[in-house]
Amino acid sequence: MKTLINQNRGLFAVSVLLLSSIFIIPMIAPQYIVLQITLYFSYAILALSLAFVWGIAGIFSFGQAAFFGLGGYTYAVVAINMNESTLAVFLGIIVPALAAGVLGYFMFYGRLTSVYVAVITLVVTLIAFKFMGQTAGVGYRIGNASLGGYNGIPGIPPLNVPGDPSTFAWPEDMFFISGITLLLTYIGVKLLVKSRYGRILSGVRENELRAQLLGYDARFYKTSAFVIGAIIAALGGICFTNWNGFIDPNVFALSMSAQTIIWVVVGGLGTFFGPMIAAVALGFITIELGAQQ
């Protein structure tokens with residue numbers, strides 16, 4: 001046990017810090033601060049997705065906000081139609097993963113360079129923003145869910161105990177749910193990076209040609225990393241949608257994509273804890289600056 005902790009000292013320390021914060025903050029902070037941090041937890045998950053895709057896989061993606069928004073919208077539509085969150089969470093993860101798989105296949109198996117990957121992911125995000133903004137008409141419905149255009153989708157059912165819609169998460173509960181999701185996601189990506197898959201992925205990032213000469217299919221590893229990044233971003237989108245009870249096309253906006261890149265750059269490319277802290281810290285700084293008279 002001691003050897004295991006020594007080998008993962010950083011992971012253990014950050015995990016203890018996050019877990020302690022999740023339980024201590026609600027006891028000492030005002031409710032509005034707790035609710036604000038809940039939002040920043042979802043942003044931190046989004047930052048983790050780009051930290052993995054860009055910092056570990058070497059894929060500069062402008063599309064993480066697209067998967068964040070797609071996860072949120074999928075959850076909203078399914079939850080409204082089913083009036084239950086279990087299937088909504090599942091599809092909120094699967095749909096962005098499938099979208100990333102299809103997009104990644106054409107980009108990486110098509111051997112596009114990093115510049116074109118960045119441009120294509122940006123264009124996809126902007127197309128999603130533009131399209132969802134034009135869905136205000138009565139014809140833009142999926143079952144009982146009206147997409148609402150720029151007005152968004154209000155009244156989204158919250159997370160509930162699987163199979164029991166009457167037992168659902170209150171806003172205060174979402175702090176713990178989002179915090180634990182962030183913690184588990186952080187642990188997951190750290191362990192993934194330390195695994196054989198993570199080492200190969202880092203090798204592909206450092207020298208793709210050499211990795212291919214050693215027998216590794218760089219296209220597969222980049223596509224799979226892109227899908228994993230989309231799954232992480234979708235988790236953030238689901239948490240965001242539950243915190244808000246509402247989602248609109250601004251989740252696809254260029255500002256969201258730019259913010260995600262800023263969090264990773266400020267927090268440190270190639271790290272995970274830094275972008276998480278940057279997402280939370282810059283969120284508070286923005287609020288404080290906006291409140292100045």
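The basis for the numbers below is simple: all heavy atoms, side chains too, and nothing from hydrogens, waters or symmetry mates.
Phe273 contributes atom CZ, which lies 10.0 Å from atom OG of Ser15 (distance to the nearest 0.5 angstrom). Distance check: Ile261 CD1 to Met256 CE gives 12.5 Å after rounding to the nearest 0.5 Å. Taking CE of Met174 as the start and CG of Asn242 as the end, the distance is 4.5 Å to the nearest 0.5 Å. Within the model, atoms CG of Asp248 and CG of Leu147 stand 12.0 Å from one another, a figure rounded to the nearest 0.5 Å. To the nearest 0.5 angstrom, Ser114 atom OG is 10.0 Å from Glu208 atom CD. Separation of atoms OG (Ser178) and CG (Leu39) is listed at 9.0 Å; rounding is to 0.5 Å.
Aromatic rings of Phe41 and Phe175 (six-membered ring for Trp) have centroids within the 6.0 Å cut-off, being under it. Residues Phe252 and Tyr73 place their aromatic rings such that the two centres sit under 6.0 Å apart. Not less than 6.0 angstrom separates the ring centroid of Phe52 from the ring centroid of Tyr186. A centroid separation of 6.0 Å or more is found between the aromatic rings of Phe220 and Phe108.
Considering only heavy atoms from C-beta on, Leu103 comes within 4.5 Å of Ile120 through its side chain. When side chains are defined from C-beta on, Ile37 counts as touching Phe284, because their heavy atoms get closer than 4.5 Å.
Counting non-hydrogen atoms of other residues, nucleotides and ligands closer than 6.0 Å to OH of Tyr109 gives a total above 12. Enclosure of atom CD in Gln31 is not indicated, since only 12 or fewer non-hydrogen atoms of other residues, nucleotides or ligands lie within 6.0 angstrom. Atom CZ of Arg141 sits in a crowded spot, with more than 12 heavy atoms from other residues, nucleotides or ligands closer than 6.0 Å.
When all heavy atoms of Leu70 and Thr74 are compared, the pair lying nearest together is O-OG1, 2.7 Å. Residue Pro158 comes nearest to Ser85 through the heavy atom pair O-CB, 3.8 Å, listed as atom of the first residue, atom of the second, then distance. Considering all non-hydrogen atoms of both residues, Asn83 and Pro157 come closest at OD1-CG, 4.2 Å. The minimum heavy-atom distance between Gly283 and Tyr40, with the atom names listed, is O-OH, 2.9 Å. The shortest heavy-atom contact between Gly55 and Arg205 is O-NH1, 3.0 Å. Closest heavy-atom contact between Phe176 and Pro26: CZ-CG, 3.8 Å.
Legend: residues meeting ring-ring contact (aromatic ring centres under 6.0 Å, His included) with Tyr150, ordered by chain and number and at least two apart, are Phe129.
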* Please step through side-chain contact (heavy atoms from CB on, under 4.5 Å) for the pair Ser20 and Val16, ending with a clear verdict. => CA-CA 6 Å; Ser20 301; Val16 170; 4.0 Å; yes
* **Worked check of side-chain contact (heavy atoms from CB on, under 4.5 Å) between Leu91 and Val77** => CA-CA 10 Å; Leu91 292 179; Val77 169; over 6 Å; no
* Asked: Is there a side chain to side chain donor-acceptor pair (under 3.5 Å) between Tyr43 and Thr260 once you walk through the steps?
  -> CA-CA 8 Å; Tyr43 286 168; Thr260 310; over 6 Å; no
* Dump the intermediate steps for side-chain contact (heavy atoms from CB on, under 4.5 Å) on Thr125 and Leu254, then the final yes or no. => CA-CA 8 Å; Thr125 305; Leu254 181 60; over 6 Å; no
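Side-chain atoms of Gln64 and Ser49 form a donor-acceptor pair, as typed in the model, at a separation below 3.5 Å. Side-chain N/O atoms of Asn160 and Thr167 include no donor and acceptor closer than 3.5 Å. Residues Gln212 and Tyr216 have side chains that never bring a donor and an acceptor to within less than 3.5 angstrom of each other.
Hydrophobic clustering of Ile, Leu, Val, Met, Phe, Trp and Tyr side chains at less than 4.5 Å, counting indirect connections, unites Trp243 with Ile177.
Looking at Ile56, Ile187, Leu201, Ile228 one by one, the single match for side chain to side chain contact (heavy atoms under 4.5 Å, CB included) with Leu192 turns out to be Ile228.
Between Phe60 and Phe62, the ring planes are perpendicular. Angles over 60° get that label, and only those under 30° would be called parallel.
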